[in-house]
Trainee: 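Once you've had a glance at the structure underneath, I'll fire off some questions.
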Amino acid sequence: MRDKIEDILKNKKIQWSFFEYAITSFEAESYQRLYEQDQGCQKNLFCHQDRCVQEDSYDVTIWLSQSDQEWGVVHFDIVFASGDQTSLQDIEDQIDQAIQMAQYSKSPYWPLDKDICFDLNVGTEAFCSLIYDSPQSVLDNIERELSTLLQQCEESFLACSAEVYVNKKQITFKNSFGFEHSFKKTSFYIELALGSELEKKQEVLDYQTGVSVQNFVFEDFIDRCVRQVTSLGRTIVPSSRESVSILIHMKDFSEIVDAVEDQLVSFREYQKYPHLKEEEVIYAEGERKGEAFDLSCDPFSPMMACSVPFIGNGVLPRRGCLIEDGQVKNRIVGVRESTYLSIPSNYLSGNMIVSSGSSSYEELCQMEDEVLEVVSFSSLLVDDNSLTWSSEIKLAYLRRKGEIVQMLKGGVLSGHIRKNLSCSFYSNDRVCYNRIADAYHSAIGYIGPQYVLFKEGVSLSGN
Amino acid sequence: MKKKEIKCPQSIQEKIPFLKDKVNELNSQLADAYSFVCLTDFVQRGFSLTSIRSSSHSRDFGCVFRVVVGGRNFEIAFNNLTENVMDQRLHVFVQDVQSKIKKISSSDINNYYYTSPTWKEEKKFYGDVGVGSYLSDDLKKQDWVHFSSSFEENLHDWNSEDSFHYLENLREVVNRLDEKNQLIQSLFSLRMKDQSSLFIDNERVMTQTLLKSLFYCEVFTQKGRNNRIVSGGLGGKECIFVSEDDLKDLIETAYRLDEAQFLKPGVYQVLSGPDVTGVIAHEAFGHTQEGDTCRYGRSVAPSLRESRQKVGNEQASIVNYAGVFDMGECAYGQNGSHFFDHEGCLAREHLILDKGYLGTPMNDLLSAIRTKGERQSNGKRESWRRPIMSRQTNTYFTYGMDRLEDLIRQIDYGFIAEHAHGGMEDPKGMSLTAGTSYLREVKNGQLTGQLFLGPQGGHIELNGYVPDMLMNIQGKSSQEGCSLIPTQKWGGCGKYHKELVEAGSGGPWILWKNIVCG
């Protein structure tokens with residue numbers, strides 16, 4: 001079917017002075033199971049929804065023009081209902097409609113990156129799937145592990161629900177310049193909700209996503225969930241205060257860093273959205289009082305969510321330094337922004353790499369007389385325009401001189417990212433974290449410290 | 001203007017005989033089970049105007065075959081409907097289900113046995129109102145019924161030139177109204193959705209077409225502040241009307257946000273507009289009342305319902321209803337509306353909180369089967385690629401009796417929160433947050449003109465323990481327009497942090513005594 005789509009596009013090409021296209025085809029398989037508690041057995045889960053998804057899809061981008069002053073661009077999906085001739089006409093109608101849309105979606109011209117070739121010799125293993133088994137058997141294994149580990153736990157808790165998804169996608173990209181490449185992408189998602197028999201008004205909901213189960217240690221995940229649920233106790237809503245020191249986990253920190261990285265995308269400058277400029281210092285008032293914030297990107301980290309074999313139309317992505325000790329060293333510049341802003345392109349892309357600090361987790365907990373350790377936010381919302389964030393506290397520990405003195409639930413933490421980074425301290429370990437893209441979020445690949453202490457720029461609203 | 005409806009698209013209609021056969025085959029192969037198919041064809045076009053023009057066209061076409069047996073759901077979903085490919089996949093699916101059925105106890109199979117309502121039963125339940133008005137008295141087994149939302153002017157009839165022309169005109173208006181001439185950027189966006197679906201089981205064949213339109217405008221100041229307008233609903237051009245006064249207010253407020261103060265974190269009296277009220281309704285006893293969450297033991301609602309504990313005062317009444325086809329002063333519905341859900345349950349009005357007492361949960365099919373509860377029209381999924389869950393449709397507080405100006409007069413020191421900015425719930429702990437973009441200060445019953453942002457300069461989260469909030473509703477505004485249903489705003493909903501579905505939410509203006517703001 002992809003060849004048929006391409007044939008139609010090639011026929012359309014001759015009507016235009018400039019006409020280029022890119023077709024991405026996906027063959028995807030996903031196995032999904034949802035679980036709930038088996039009645040009468042508090043640690044047993046049974047599968048109440050068992051589904052298999054098989055997808056064949058085609059995304060097409062068209063660039064067209066009658067002059068070299070501007071491009072008309074449109075991105076669309078091709079849908080085919082069946083393989084017969086009728087649907088080919090339907091496909092041609094869809095392409096004609098897209099061409100009509102592209103004619104009116106004019107943008108100033110930029111040279112499509114066709115002269116920059118993908119280097120097939122650069123190792124592609126980094127982003128290849130290492131799931132050799134079928135997704136269904138991977139899911140069966142996860143289900144068995146989950147069941148076994150929950151049963152083996154000596155602690156008392158209720159297994160309320162779980163969700164497991166295993167996904168495998170074969171992606172083939174081909175464009176009108178002759179560049180073609182196929183690769184696999186895999187991902188998994190596991191979510192577990194545990195309740196406490198004693199604390200009826202609290203639960204633990206934790207989840208893990210990743211590219212491959214090879215690096216996923218089930219025992220650690222179950223252990224983390226069980227530790228949380230068994231430590232649930234009487235919580236209070238904290239009192240309001242204008243300034244509070246907080247310790248957050250890499251999952252939440254990665255979303256904050258993602259917002260910073262968004263502001264480094266130079267297309268924002270062209271669009272006149274808030275953006276970080278070259279040489280700009282991100283620390284509030286230009287002053288650092290904590291440890292240095294360093295951010296770089298790497299598209300070749302093995303088994304990470306933002307590792308890619310190429311970007312754009314077949315361009316080799318690059319790794320590089322974005323921010324060094326709070327100062328912007330490079331922004332993310334593709335060929336389009338490079339043309340519009342008259343700056344050199346750099347094709348920086350990939351997973352976020354943040355430098356670790358010098359303190360252990362325990363040392364961070366004791367760094368201030370009082371530290372609020374956020375175990376989980378209810379829903380962290382980060383604004384990449386204003387570089388602010390806020391969320392209700394789902395569960396937090398109030399630590400005094402490192403010791404937990406109170407469990408907190410409720411109240412709202414809000415933060416100002418520039419102030420946070422100007423006085424932040426990072427744990428001395430290095431961990432990987434992946435968030436697979438979904439309808440709500442883009443993918444995140446993060447390598448950096450597991451814990452971060454913000455001493456400034458956070459306020460707490462409560463009682 | 002006379003309203004029109006949309007016929008069932010050819011892409012769906014031509015599949016009816018073919019898919020009927022497949023469902024009937026499933027029924028014959030899996031006698032103890034209830035089987036159905038749902039096919040969806042969603043078309044969306046989008047146009048955006050900033051420094052550049054961009055457009056996109058997406059179409060999502062896929063089907064889900066479902067088998068319900070022994071209180072479990074088995075599904076196969078795909079988007080390649082070529083007959084031989086489909087037959088092969090269904091064959092493997094049936095074999096897989098048959099082997100799994102063998103592991104289900106006969107008591108579960110008997111206990112959770114389900115049969116579809118007939119057309120006669122549906123007509124008896126719904127009568128001649130709402131979705132019932134589409135059902136004739138003489139419908140027979142597997143007769144086809146088509147439902148369609150109505151519209152005045154279909155934006156899908158606009159070509160790209162028309163769409164960009166519309167956006168360019170609005171940009172000219174904004175530039176003209178920007179007297180300070182200091183806006184650094186403005187974004188204008190138009191989106192049209194045409195969502196058609198087909199449902200077939202052993203008793204009913206039905207299709208629906210829902211036309212939705214959305215307009216979005218955002219302006220940015222040189223200091224980096226932004227303000228936006230969102231206007232949309234279930235209909236055509238009539239949903240996206242934006243007046244010059246609206247645009248003038250958009251621009252002036254953006255400049256005022258440059259000078260906004262930062263809120264001191266604390267507890268305040270708050271008057272919420274329909275947008276924010278709707279988010280509170282959605283988060284309060286929206287998510288907490290979702291049937292699957294209750295079934296999993298992850299919601300406190302079942303125990304509260306059983307003990308008849310009051311969780312709100314007399315003003316605390318919340319409805320969930322997919323059949324919203326007019327609201328407030330608008331003769332159109334909202335994006336959370338449908339005629340039937342993804343499991344073929346027709347839309348029905350459901351009082352989930354009645355003057356502070358919890359009603360029954362919002363059930364999907366499996367929740368109704370497993371709990372022997374009442375079925376509701378709340379079985380929804382993000383797309384054919386994603387699992388089914390109990391999801392909200394349109395959730396709203398009912399009208400009150402107060403005038404808006406009287407509610408404002410009751411504020412000693414507090415704020416007005418009008419523009420929603422996300423929200424979150426905790427069904428077990430019963431706390432919620434509802435975000436708002438900014439606050440308008442009120443002192444001694446008068447607006448001071450001062451705007452406030454969050455303590456760190458971002459948006460503000462309104463937060464509280466749900467029963468406390470609902471016990472302290474001080475007043476609700478009265479009916480506006482002809483509709484008994486308050487205004488709903490265009491919205492979306494994530495189940496915890498994923499599974500995005502469309503959901504309208506709204507309500508009257510509500511005055512809250514004490515809300516944590518930060």
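Keep in mind that the numbers below use all heavy atoms, side chains included, and drop hydrogens, waters and symmetry copies. Proteins get letters first, then strands, A, B, ... in listed order; numbering begins at 1 in each.
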Trainee: List in chain and number order the residues that pass salt bridge (charged side-chain N to carboxylate O under 4.0 Å, His left out) with A/D96, two or more places apart in sequence or in another chain; answer none if no residue qualifies.
Mentor: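 Result, salt bridge (charged side-chain N to carboxylate O under 4.0 Å, His left out) vs A/D96: A/K12.
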Trainee: Heavy-atom distances under 4.5 Å only: say whether A/K200 touches chain B with side chain, backbone, both or neither.
Mentor: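 Contact with chain B involves the backbone of A/K200 alone.
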Trainee: So what's closer than 4.5 Å to chain B heavy atoms on A/V73: side chain, backbone, both or neither?
Mentor: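 The backbone, not the side chain.
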Trainee: Let me confirm one number: the OG1-CZ distance from B/T433 to A/F377, rounded to the nearest 0.5 Å.
Mentor: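 Going from OG1 on B/T433 over to CZ on A/F377, the span is 12.0 Å.
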Trainee: Where is the tightest heavy-atom contact between A/S107 and B/R53, given as atom of each residue plus distance?
Mentor: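 Smallest interatomic distance, heavy atoms only, reads OG-O, 3.6 Å.
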Trainee: So, applying salt bridge (Lys or Arg N to Asp or Glu O under 4.0 Å) with A/E163, which one of B/K498, B/R386, B/K495 is it?
Mentor: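 Testing each of B/K498, B/R386, B/K495 against A/E163, the sole residue satisfying salt bridge (Lys or Arg N to Asp or Glu O under 4.0 Å) is B/K498.
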Trainee: Between B/M86 and chain A, which part of the residue has a heavy atom less than 4.5 Å away: side chain, backbone, both or neither?
Mentor: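 Contact with chain A involves no heavy atom of B/M86 at all.
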Trainee: With a 4.5 angstrom heavy-atom cut-off, which part of B/S54 approaches chain A: side chain, backbone, both or neither?
Mentor: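 Contact with chain A: backbone only.
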Trainee: Of the options B/K100, B/E75, B/R72, which is the one that meets A/D50 in a side-chain contact (heavy atoms from CB on, under 4.5 Å)?
Mentor: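 Answer after filtering B/K100, B/E75, B/R72: B/K100.
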Trainee: Checking the side chain of A/R51 only, and the main-chain atoms of B/R385 only, is there a donor and an acceptor separated by less than 3.5 Å?
Mentor: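 Looks like yes, one N/O pair under 3.5 Å.
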Trainee: Can we say A/D56 and B/R89 salt-bridge, meaning some charged N sits less than 4.0 Å from an Asp/Glu carboxylate O?
Mentor: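 Here A/D56 pairs with B/R89 in a salt bridge, since their nearest N and O are under 4.0 Å apart.
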Trainee: Name the member of A/Q103, A/H441, A/R33, A/K106 that forms the most heavy-atom pairs with chain B at distances under 4.5 Å.
Mentor: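 Most heavy-atom pairs under 4.5 Å with chain B: A/K106.
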Trainee: Apply side chain to side chain donor-acceptor pair (under 3.5 Å) to the pair B/H165 and A/Y104, showing each step before the final yes or no.
Mentor: CA-CA 10 Å; B/H165 185 65; A/Y104 291 95; over 6 Å; no
Trainee: Would you mind checking which part of A/E70 comes under 4.5 Å of any heavy atom in chain B, side chain (CB onward), backbone (N, CA, C, O), both or neither?
Mentor: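 Looking at A/E70, nothing touches chain B.
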Trainee: With a 4.5 Å cut-off on side-chain heavy atoms, are A/Q100 and B/S160 touching?
Mentor: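 Yes, side chains in contact.
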Trainee: Would you mind checking which part of A/V237 comes under 4.5 Å of any heavy atom in chain B, side chain (CB onward), backbone (N, CA, C, O), both or neither?
Mentor: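 Interface part for A/V237: neither.
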Trainee: Has the side chain of A/S461 got a donor or acceptor atom that lies under 3.5 Å from a matching backbone atom of B/C517?
Mentor: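 Confirmed, A/S461 side chain pairs with B/C517 backbone.
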Trainee: To the nearest 0.5 Å, how far apart are OH in A/Y273 and OG1 in B/T50?
Mentor: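 The OH atom of A/Y273 sits 5.0 Å away from the OG1 atom of B/T50.
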Trainee: Under 4.5 Å heavy-atom distance to chain A, tell me which part of B/I76 shows up: side chain, backbone, both or neither.
Mentor: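 Its backbone and side chain both get close to chain A.
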Trainee: Could you tell me whether the side chain of A/Q49 reaches within less than 4.5 Å of the side chain of B/I388, counting heavy atoms only?
Mentor: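 Yes, side chains in contact.
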Trainee: Please classify the contact between A/F267 and chain B as side chain, backbone, both or neither, with a heavy-atom cut-off of under 4.5 Å.
Mentor: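 Only the side chain of A/F267 comes within 4.5 Å of chain B.
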Trainee: Answer whether the closest heavy-atom distance between the side chains of A/M101 and B/F47 falls below 4.5 Å.
Mentor: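 Yes. Closest side-chain heavy atoms under 4.5 Å.
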Trainee: B/Y296 versus chain A, heavy atoms under 4.5 Å apart: side chain, backbone, both or neither?
Mentor: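 Backbone plus side chain of B/Y296, per the 4.5 Å heavy-atom cut-off to chain A.
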Trainee: Specify which of A/S386, A/S378, A/G410 makes the most heavy-atom pairs with chain B at under 4.5 Å.
Mentor: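 Top option by heavy-atom pairs under 4.5 Å: A/S378.
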Trainee: Check whether A/Y270 gets within reach of chain B through its side chain, its backbone, both or neither, counting any heavy atom under 4.5 Å.
Mentor: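 The answer is both parts of A/Y270.
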Trainee: Between A/A439 and B/L500, which heavy-atom pair has the shortest distance, and what is it?
Mentor: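 Closest approach of A/A439 to B/L500, heavy atoms only: CB-CB, 3.9 Å.
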Trainee: Only pairs of heavy atoms separated by less than 4.5 Å count here; which of A/P108, A/G411, A/A98, A/A28 has the most with chain B?
Mentor: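 Heavy-atom pair counts peak at A/G411.
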Trainee: Sequence neighbours excluded, which residues qualify as salt bridge (charged side-chain N to carboxylate O under 4.0 Å, His left out) partners of B/E382?
Mentor: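 With neighbours one apart ignored, the set is empty.
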Trainee: Between B/Y465 and chain A, with a heavy-atom cut-off of 4.5 Å, which part of the residue counts as in contact: side chain, backbone, both or neither?
Mentor: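 Side chain of B/Y465 only, per the 4.5 Å heavy-atom cut-off to chain A.
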Trainee: Might you point out which heavy atoms bring B/R298 and A/S161 nearest each other, and give the distance in Å?
Mentor: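 Looking at all heavy atoms of both residues, the shortest contact is NH1-OG, 3.2 Å.
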Trainee: Please classify the contact of A/E191 with chain B as side chain, backbone, both or neither, using a heavy-atom distance under 4.5 Å.
Mentor: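 Side chain only.
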Trainee: Pick one of side chain, backbone, both or neither for A/S239, based on which atoms fall under 4.5 Å of a heavy atom in chain B.
Mentor: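 Looking at A/S239, nothing touches chain B.
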Trainee: Answer yes or no: is there a side-chain heavy-atom contact under 4.5 Å between B/D292 and A/H48?
Mentor: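 No, side chains not in contact.
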Trainee: Is A/S414 close to chain B through its backbone or its side chain, or both, or neither, when contacts mean heavy atoms under 4.5 Å?
Mentor: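 It is both, since atoms from each part get that close.
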Trainee: Can you tell which of B/M430, B/K264, B/R295 has the highest number of heavy-atom pairs within less than 4.5 Å of chain A?
Mentor: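 Counting heavy-atom pairs under 4.5 Å, the top option is B/R295.
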Trainee: Which answer fits A/L413, side chain, backbone, both or neither, if we ask what part of it has an atom under 4.5 Å from a heavy atom of chain B?
Mentor: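 Neither part; nothing is under 4.5 Å.
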Trainee: Do A/S105 and B/F164 have side chains that approach each other closer than 4.5 Å (heavy atoms only, starting at C-beta)?
Mentor: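 A side-chain contact under 4.5 Å exists here.
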Trainee: Relative to chain A, which segment of B/V67 carries a heavy atom at a distance below 4.5 Å: side chain, backbone, both, or neither?
Mentor: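 The answer is neither part of B/V67.
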Trainee: Quick check against the 3.5 Å criterion: does B/Q185 have a side-chain atom that pairs as donor or acceptor with the backbone of A/Q271?
Mentor: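 Yes, the answer is positive, given that a donor and an acceptor are paired below the 3.5 Å cut-off.
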Trainee: Can you tell me which portion of A/Q54 sits under 4.5 Å from chain B's heavy atoms? Options are side chain, backbone, both or neither.
Mentor: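 It is both, since atoms from each part get that close.
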Trainee: Below 4.5 Å, heavy atoms only, C-beta onward: do B/M424 and A/E392 meet side chain to side chain?
Mentor: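 When only atoms from C-beta onward are counted, A/E392 and B/M424 do not touch, as no gap falls below 4.5 Å.
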Trainee: Is A/S240 close to chain B through its backbone or its side chain, or both, or neither, when contacts mean heavy atoms under 4.5 Å?
Mentor: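 Contact with chain B: side chain only.
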Trainee: Non-hydrogen atoms of chain A under 4.5 Å away: do they reach the side chain of B/F220, the backbone, both or neither?
Mentor: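 Side chain only.
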